[in-house]
Asker: 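The structure's right below; bear with me while I get my questions together.
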Amino acid sequence: MPALIDALRHERIRPAAASILGHIGPAAKQAVPALAQIASSDNDVRARCEALIALGGIGPDASSAVPTAIEAIEDPEQRICYSACYALG
């Protein structure tokens with residue numbers, strides 16, 4: 001898990017790392033703070049979407065990121081809005 005969380009720091013592989021963490025599910029709860037940061041402020045729309053979807057995949061253990069997902073619903077980029085809705089269940 002630490003290697004995947006570290007991979008989130010690398011722009012080129014960030015979306016893929018986020019996706020993998022989401023597929024891991026609740027066991028990836030250590031990644032919630034990093035995923036929430038990406039979801040709220042990354043410049044790459046795909047990375048933000050994958051981070052939001054990963055937070056949804058982690059489930060209730062990602063509850064600290066609910067405010068981030070709620071804020072993302074208002075994003076002008078439609079893909080981010082959809083991903084935020086998924087994150088919120």
Side-chain angles (χ1 to χ4, degrees):
M1 193 75 58
L4 282 171
I5 294 170
D6 183 58
L8 293 172
R9 298 183 330 172
H10 303 282
E11 186 177 336
R12 289 182 57 211
I13 59 173
R14 188 174 297 138
S19 177
I20 293 167
L21 287 162
H23 288 335
I24 291 171
K29 65 184 176 184
Q30 300 167 248
V32 169
L35 290 167
Q37 179 64 35
I38 292 164
S40 68
S41 63
D42 201 276
N43 291 326
D44 181 350
V45 170
R46 183 169 171 240
R48 290 184 67 196
C49 289
E50 291 294 347
L52 286 160
I53 292 167
L55 290 166
I58 292 169
D61 287 327
S63 63
S64 63
V66 167
T68 299
I70 291 172
E71 186 177 312
I73 289 173
E74 300 294 327
D75 196 276
E77 172 58 55
Q78 196 171 38
R79 293 175 291 171
I80 291 173
C81 297
Y82 290 147
S83 298
C85 289
Y86 178 85
L88 292 169

Asker: Search all heavy atoms of Pro26 against all heavy atoms of Gly57 and return the closest pair with its distance.
Answerer: CD-O, 3.9 Å
Asker: Only pairs at least two apart or in different chains count here, so list each salt bridge (Lys or Arg N to Asp or Glu O under 4.0 Å) that has a residue in residues 24-42.
Answerer: Arg14-Asp42
Asker: For Ser64 and Val32, which heavy atoms make the closest approach, and how far apart are they?
Answerer: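 Heavy atoms of Ser64 and Val32 come nearest at OG-CG1, 3.5 Å.
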Asker: Using the rule that Ile, Leu, Val, Met, Phe, Trp and Tyr join whenever any side-chain heavy atoms are under 4.5 Å apart, tell me whether Ile73 and Leu52 fall into a single cluster.
Answerer: no
Asker: What are the two closest heavy atoms between Ala18 and Leu8, and how far apart are they?
Answerer: N-CD2, 3.7 Å
Asker: For residues Ser41 and Gln37, determine if any side-chain heavy atom of one lies less than 4.5 Å from a side-chain heavy atom of the other.
Answerer: yes
Asker: I'd like to know if the side chain of Ser19 reaches the main chain of Pro15, judged simply by a donor and an acceptor atom lying under 3.5 Å from each other, with no hydrogens or angles considered.
Answerer: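 Judged by distance alone, no pair lies under 3.5 Å.
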Asker: Of all heavy-atom pairs between Pro67 and Ser63, which one has the smallest distance, and what is that distance?
Answerer: CD-O, 4.2 Å
Asker: Looking only at heavy atoms, what is the nearest atom pair of Ala47 and Ile38, with distance?
Answerer: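 It is O-CG2, 3.6 Å.
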Asker: Count I, L, V, M, F, W, Y as connected when their side-chain heavy atoms are under 4.5 Å apart, and connections chain through other members. Are Ile53 and Ile24 then in the same cluster?
Answerer: no
Asker: Side chains of residues 79-88: which donor-acceptor pairs under 3.5 Å do they make with residues two or more places apart or in other chains?
Answerer:
{"from": "Arg79", "atom 1": "NE", "to": "Glu77", "atom 2": "OE2", "distance (Å)": "3.0"}
{"from": "Tyr82", "atom 1": "OH", "to": "Gln78", "atom 2": "NE2", "distance (Å)": "3.0"}
{"from": "Ser83", "atom 1": "OG", "to": "Arg79", "atom 2": "O", "distance (Å)": "2.9"}

Asker: Measure the CG-CG distance between Leu35 and Leu55 for me, rounded to the nearest 0.5 Å.
Answerer: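 It is 5.0 Å, given to the nearest 0.5 Å.
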Asker: Grouping I, L, V, M, F, W and Y whenever their side-chain heavy atoms are under 4.5 Å apart, do Met1 and Ile58 come out in a common cluster?
Answerer: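 In one cluster: yes.
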Asker: With sequence neighbours left out, what residues match Glu11 under side chain to side chain donor-acceptor pair (under 3.5 Å)?
Answerer: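 With neighbours one apart ignored, the set is empty.
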Asker: Suppose we screen for side chain to side chain contact (heavy atoms under 4.5 Å, CB included). Which residues come up paired with Arg9, at least two apart in sequence or across chains?
Answerer: Asp6
Asker: If you round to the nearest 0.5 Å, how far is NE2 of His23 from CG of Leu4?
Answerer: 12.0 Å
Asker: How would you list all residue pairs meeting salt bridge (Lys or Arg N to Asp or Glu O under 4.0 Å) that involve residues 43-62, not counting sequence neighbours?
Answerer: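 Every salt bridge (Lys or Arg N to Asp or Glu O under 4.0 Å) pair that includes a residue of residues 43-62, provided the two are not neighbours, is Arg48-Asp75.
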Asker: Return each pair, listed once, that meets salt bridge (Lys or Arg N to Asp or Glu O under 4.0 Å) where at least one residue sits in residues 62-74; pairs must be two or more places apart or across chains.
Answerer: none
